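Remarks on the structure that follows.
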Amino acid sequence: MTEHSEEDKTQEVNELIEQRKKKLKELRDMGLDPYDQDFQAADHAADLIEKYADVDNTKLEETIIPASVAGRVVAYRNFGKASFAHIQDSSDKRIQIYLARDILKDKFPILKKLDIGDIIGVNGRMFKTRTGELTIEVNDFKILAKALRPLPEKWHGLKDVELRYRQRYLDLIVNPEVRTTFASRSKIIKAFRDFFERHGFIEVETPMMHPIPGGAAAKPFKTFHNTLGMELYLRIAPELYLKRLIVGGYERVFEINRNFRNEGISTKHNPEFTMIEFYIAYKDYNFLMSFTEELLCYVAMQAIGTLKFKYGEHDIDLTPPWRRVSFLDSFMDAGLSQENLKDTEAVAGWAKTNGIDIPKGASYAMALDEVFKERIEPKLIQPTFIIDYPVELSPLAKRKKDNPALTDRFELFITAREMANAFSELNDPIDQRGRFNDQLIDRQKGDEEAHVMDEDFLRALEFAMPPTAGEGIGIDRFVMLLTNSQSIRDVILFPQLKPQQ
RNA sequence: GCGCCACUAGCUCAACGGUAGAGCAGCGGACUCUUAAUCCGUUGGUUGAAGGUUCGAAUCCUUCGUGGCGCACCA
C-alpha cells in the first residue's frame with residue numbers, strides 16, 4: 001500500500017477536517033498509530049447490557065467483571081479530570097464508558113485528541129453510576145480509527161433525505177431506526193429461506209443476464225457482451241429458467257434475487273428489486289393460496305412477532321384465511337353491474353363516465369385491467385386474493401378447466417399493493433406457443449412490455465413439465481409492510497438515485 | 001416525462017427587499033458521576049449555480065442543477 005500525503009490536494013478543504021488531521025498528526029507524534037489494528041473486543045454492548053443492566057452496583061463492584069468493547073464514539077462529555085462517553089458497536093447498542101485521570105494516568109491526555117466519530121477499543125470493568133447507568137470504567141483504551149469528518153448533529157440526526165440515501169453509512173450511524181429496519185429485512189429474508197428449506201425446497205440461482213428477456217411484462221435493461229458479440233438483457237424475472245428446472249426434474253425450487261426493470265422510479269419502485277420466486281410441481285394455485293397464507297404469517301411472526309400491526313393509517317391483520325374474490329366479481333364491489341361488464345364497449349363506456357381513460361384499441365381484458373387498477377386495487381387494504389384473471393393478462397398461466405377465457409391465477413394485495421403473483425403454470429407447449437404469438441401481435445401493435453417468443457423455453461416445455469404451481473413475492477414491498485416504511489428507498493440500503501454532478 | 005415544494009455554517013433550523021443568525025459539532029478555558037452535561041470566551045458563509053430586476057437580493061423574476069412528494073408507467 002502506498003503512503004498518501006495528509007495534505008492530499010484532491011480532498012476538499014474544510015476547517016473541521018483540518019483540525020482533525022492536526023490531531024491525527026499529534027497522535028502520531030505521541031508515538032501512537034491512529035489506525036491501529038491490535039485490539040480484540042471480547043464483548044458487545046448489547047450483551048453487557050443484557051447481562052448486567054439489572055445487577056446492582058455493590059454486586060458489580062464485588063465481583064469485578066471485566067469488559068472490552070470496540071466501537072464508535074457517539075457522545076463525549078469532558079469534566080477536566082474525567083470524561084464520560086458513549087460507544088456504539090455492531091450490536092446496535094450504546095454503552096457508556098467512564099474515563100478518569102486517576103485510572104488512566106499518562107494515557108489520559110490522549111483523550112484531548114479524541115473526537116466524536118472515532119472508533120476506539122476499551123478495556124475495563126463494569127459498574128453503575130450514581131444515576132444507575134451501566135458503565136465501563138476504562139483502565140485502558142486505544143484509538144483504532146480516527147474520523148476526519150464530523151458526524152451529523154447528535155440530537156436531530158441526519159434528516160436530509162438525499163444525504164441519508166447517498167451516505168447511507170451516516171444514516172446507519174446516527175438514525176437507530178434505520179438499523180432496526182434493515183435488521184428486520186435480514187430477519188424476513190432469513191425467515192423466507194427457513195420456510196422453504198423446511199418445506200423441502202432447494203435454493204437455486206439462475207442467470208441475471210438473459211439473451212431473451214422473459215417471464216414478465218416489463219421493459220428490460222440492455223447490455224453487451226464483448227467476446228460473444230451479443231446483446232444481453234438484465235433479467236426482468238427468473239420465471240422461465242425456474243420452470244426449465246422443473247422440467248429438469250426438480251420438484252421444489254426457489255430463488256431469492258434481484259430483478260431489473262427499466263421503468264419509473266417512485267416510492268414503490270426501484271429499478272432493481274428483490275423477488276422470491278418459487279415453483280412446486282404437482283400442485284396448483286389453490287394449494288398456493290393456503291401455502292402463501294402460511295408462508296407470510298410465518299415470516300411475519302419470525303420478523304416482528306405478530307400478525308396484527310400498523311401500516312401508516314391502517315391496522316393490518318394477516319390472520320388467515322384471507323378474502324378470495326374473483327377478478328370479475330371484484331368489479332361488483334366498485335359499483336359495476338353485470339351489464340357494465342358485458343363487453344369491451346360496456347366497460348369502456350362505464351370507464352369514460354367515471355373518468356378513467358382507456359387506451360384506444362384496448363382489448364376487453366386490458367379495459368378491465370385499467371378499471372381494476374383505478375377503482376379496485378386502491379381499496380384492497382387487508383390481505384386479499386384476487387383470482388381467475390383473463391387469459392390475455394396471463395400469458396404464462398394455465399386456463400381454467402371450466403372457462404378457457406380465464407386462468408388459474410391469483411394476485412395477493414395488501415395495503416393496495418400487489419405483494420404476490422401466482423398461478424398454475426401453463427405446461428401445454430402448444431398453448432404456450434399460441435400465447436407467445438398473441439403477445440407478438442401486441443408487441444407489433446407497440447406494446448413494449450408484451451412477452452417475447454422464447455423457443456428454447458418452448459422446447460423445454462415440449463419435453464413435458466409436470467403440472468406446477470409458481471409464485472413470485474416482492475420482498476421489498478413485504479419488508480415495507482412489516483417495517484411500516486412508506487418508501488421502498490427506506491428498505492433498500494443503496495436505492496438508485498440520479499448521479500451527482 | 002408532467003406538476004407542486006425545497007435547497008442558508010459540518011449537522012438541525014431562523015432571517016422572507018435594508019449590516020446573514022441560533023442550537024449542536026469545532027476551537028480556547030473552568031469542572032472527577034455526566035448523559036441533549038453545565039458555565040465563560042470564540043472560529044466558521046460565494047445563502048445549490050448562472051443571469052436579471054432594484055439604490056440595495058438569501059428574499060422578487062428567468063434558466064439550470066439536485067432532491068422530496070404527487071401524477072403517469074410498473075412489481
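Note that the coordinates shown come from a computational prediction; the quantities given were computed from them, not determined experimentally. Here is the naming used below: chain letters follow the sequence lines, and residue numbers restart at 1 for every chain.
In this structure B:rC60 sits in a base pair with B:rG52, meeting the Watson-Crick or G-U test at under 3.5 Å. With a cut-off of 3.5 Å on both Watson-Crick or G-U wobble distances, the partner of B:rC7 is given as B:rG65. Figure legend. B:rU12 is base-paired to B:rA22; pairs are counted as Watson-Crick or G-U wobble with both atom distances under 3.5 Å. Pairing partner, B:rA72: none, since no Watson-Crick or wobble contact has both distances short of 3.5 Å. Base pairing of B:rU43: no nucleotide in any strand meets the Watson-Crick or G-U wobble criterion (both distances under 3.5 Å).
With distances taken from any side-chain atom of A:H156 to the nucleotides B:rA37, B:rU12, B:rA75, the minimum falls on B:rU12. Here the side chain of A:T129 is nearest to one of B:rC11, B:rU34, B:rC31, namely B:rU34. Relative to the side chain of A:S487, the nucleotides B:rC69, B:rC11, B:rA75 differ in distance, and B:rC69 lies closest. Of the candidate nucleotides B:rC13, B:rU34, B:rC11, B:rC13 has the atom nearest to the side chain of A:K159. Distances from the side chain of A:R166 to the nucleotides B:rC69, B:rG67, B:rC11 place B:rG67 closest.
Cation-pi geometry between A:R168 and A:F494 is not met: the NZ or CZ atom fails to fall both under 6.0 Å from the ring centre and inside 45° of the normal.
The phosphate of B:rC73 has neither OP1 nor OP2 within less than 4.0 Å of any side-chain N or O from A:S266. Taking only side-chain nitrogens and oxygens, A:R261 never comes nearer than 4.0 Å to OP1 or OP2 of B:rC73. Distances shown here put every side-chain N or O of A:R130 at or beyond 4.0 Å from the OP1 or OP2 atom of B:rU32. For A:R77, a side-chain nitrogen or oxygen approaches OP1 or OP2 of B:rA37 to under 4.0 Å.
Counting any heavy atom pair closer than 4.0 Å across all strands shown, A:N57 reaches no nucleic acid atom. Counting any heavy atom pair closer than 4.0 Å across all strands shown, A:G264 reaches a base atom. Across all strands, A:G157 comes closer than 4.0 Å only to sugar-phosphate atoms, never to a base (heavy-atom distances). Looking at heavy-atom distances under 4.0 Å, A:E374 makes contact with sugar-phosphate atoms alone, never a base. No engagement by A:S83 is indicated, since no non-hydrogen atom pair under 4.0 Å with the nucleic acid exists. Here A:F260 lies out of heavy-atom contact (under 4.0 Å) with every strand.
Atom pair A:L163:CG and B:rG68:C1' shows a separation of 13 Å (rounding to whole Å applied). The separation between A:Y165 atom OH and B:rU66 atom C1' is 15 Å, rounded to whole Å. The nearest whole Å value for the distance from the CD1 atom in A:I17 to the P atom in B:rC11 is 11 Å.
The environment of A:E26 atom CD is dense: over 12 non-hydrogen atoms of other residues, nucleotides or ligands sit within 6.0 angstrom. Under a cut-off of 6.0 angstrom, the local environment of CZ in A:R258 is sparse, with at most 12 non-hydrogen atoms contributed by other residues, nucleotides or ligands.
Counting all heavy atoms, side chain and backbone alike, A:P378 lies closest to A:K373 at CD-O, 3.5 Å.
Here A:K93 does not pair with A:E50 in a salt bridge; the nearest charged N to carboxylate O distance is not below 4.0 Å.
Results of the salt bridge (charged side-chain N to carboxylate O under 4.0 Å, His left out) test with A:R235 over A:E277, A:E255, A:E272 single out A:E255 as the only residue that passes. Tested against A:Y76, the residues A:D118, A:I116, A:D115 include a single side-chain contact (heavy atoms from CB on, under 4.5 Å) partner, A:I116.
Here A:F84 lies parallel enough and close enough to stack on the base of B:rU34, with planes under 30° and ring centres under 5.5 Å apart.
B:rG45 sits 30 Å from B:rC4 when the C1' atoms are compared, rounded to a whole Å.
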Can you pull every protein N or O that's under 3.5 Å from an N or O on nucleotides 25-28 of chain B?
unit_1, atom_1, unit_2, atom_2, d
B:rA25, OP1, A:K154, NZ, 3.0
B:rG26, O2', A:Q19, OE1, 2.0
B:rG26, O2', A:Q19, NE2, 3.3
B:rC27, OP1, A:K23, NZ, 2.3

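Remark: the A:N78 side chain and the B:rU34 base include no donor-acceptor N/O pair separated by less than 3.5 Å. Between the side chain of A:Y98 and the base of B:rU32 there is at least one donor-acceptor pair of N/O atoms closer than 3.5 Å.
Residues A:L148 and A:K21 are in side-chain contact: their nearest non-hydrogen atoms beyond the backbone lie under 4.5 Å apart.
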